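Encoded as structure tokens, the structure appears first; notes follow it.
Note that the numbering runs from 1 along the sequence shown for the chain. We use all heavy atoms of the structure for the numbers below, so side chains are in, but hydrogens, waters and symmetry mates are not. These numbers were taken from a predicted model, which means no experiment stands behind them. Indexing begins at 1, ligand by ligand and atom by atom, following the structure's order.
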Amino acid sequence: MMNKKANILIIDDEQYICDSCSQVYTKDGYQVYTANDGIKGLQKVKEFRPDMVVVDLKMPGMGGMEVLERINTIDPTIVSIVITGYATIESAVEAMKRHAFDFLPKPFTPNELRIITQRALERRKLILETNRLREEKDRMKENFISMVSHQLRTPLVAVQQYFEVILAGMAGTVSEEQKRMLERSKIRIDELIELIKEWLDFARIDANKLVSELKPTNLIPVLLKSQDSMQAIAKQKDITLKMEVPENLPLIMGNAGFLEQVFLNLLENGIKYNKQSGSITIKAVTENEFVRVDFSDTGIGISEQELSFIFEQFYQVKRTNKTDGTGLGLAIVKRIIEAHSGTINVTSDPGKGTVFSILLPIKQEE
Ligand code: ADP
């Protein structure tokens, strides 16, 4: 929307105000509409959807304050300016509360009108742009969700069905040993499908909804399970996974499934970006109202400049030896932690190692 083509509606019971403003606006190339009372004004708001409305506060019949409120219900992106003869602080504050953008005391010069109008139209432009970007973001998120569910879930479900067929003996005899292995594989695939499903659910619901699903949770079994799951991968690189957790760690309000996903992600990174025969130490302590969990690795580290970006979606540090990954891991980690009203921080010593610190609020006694 270009300023010059903006539509402006003037609502004022005094004809000369309508006329003089119209004159200024027409000269500047705007499309102008006028109305002499609130009711007619609102009809024109509905009919012409102006970018901006200039409203007189004191009018017989429906007053300016009410007009402002109704404009906001019709279309909250319309920007309003209030003009009035009795410019008092109170009426200005009152008008601002009712979503007016600014306040123009009578009498005003054409230039004062122009300046305030330009600013108001600039605001309108920003509002429209923000809405557009928000919609685009939602659309991209939807696309991404359907891509993940299609590209990841569908092949896994197919594999699972083959397992069923083989296990049922429909593709020839299966030895006991093979059957045991296939059954274990099938369980892992079930878990993976479940994880994808949960993550998709998570991507669809916003943080506010997850909050209502938080239960008193003991982190120790969740940490142990995560450590256990990563043991085999760690071994391939001769990496030791150490755990320093006090037995009496307080409960936190959490969702064990999502927290496990956080820990697995951090451990996976700690292994992936570690050196041969390195280590990862998981340490949990109580710190004020929080449980703090530190994941310290002896890996390649992250440079100062990159640190602030690693939690962004799809961000990957450029490395000479390429590792696989999506750059999504830490973004998901951060979202899950924030949905727990927690925080995650990172410090790193390039060449020596990295520490990810999570703070999760302790469950309060009722
Ligand atoms: P990726 O799928 O690339 O691992 P992440 O979101 O998990 O995506 O991580 C983002 C980037 O942060 C990675 O590309 C990696 O370079 C860096 N990073 C994450 N964890 C560590 C770590 N423990 N040590 C060094 N670099 C790390």
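- A donor-acceptor contact shorter than 3.5 Å is absent between the side chain of Glu260 and the backbone of Gly257.
- Looking at Ile302 against ligand 1, only its side chain comes within 4.0 Å, counting heavy atoms.
- Shown here are the ring pair (Phe, Tyr, Trp, His ring centres under 6.0 Å) partners of Phe163, two or more places apart in sequence or in another chain: there are none.
- When non-hydrogen atoms are compared, ligand 1 lies under 4.0 Å from the side chain of Lys272 (C-beta onward) but not from its backbone.
- If you look at Val317 next to ligand 1, the close heavy atoms, those under 4.0 Å, come from the backbone and the side chain alike.
- Using a 4.0 angstrom heavy-atom cutoff, Gly301 counts as in contact with ligand 1.
- For residues 158-172, the side-chain hydrogen bond (donor to acceptor under 3.5 Å, both in side chains) pairs, not counting sequence neighbours, are Gln160-Asp190.
- No salt bridge links Lys44 with Glu47; every basic N to acidic carboxylate O contact stays at or beyond 4.0 Å.
- Near Phe356, with a cut-off below 4.0 Å to any heavy atom, the atoms of ligand 1 are 20 (N), 23 (N).
- When the heavy-atom distances from atom 23 (N) of ligand 1 to Val346, Val333, Asp297, Ile280 are ranked, the shortest goes to Asp297.
- With a 6.0 Å radius and a threshold of 12 heavy atoms from other residues, nucleotides or ligands, Lys283 has its NZ atom at or below the threshold.
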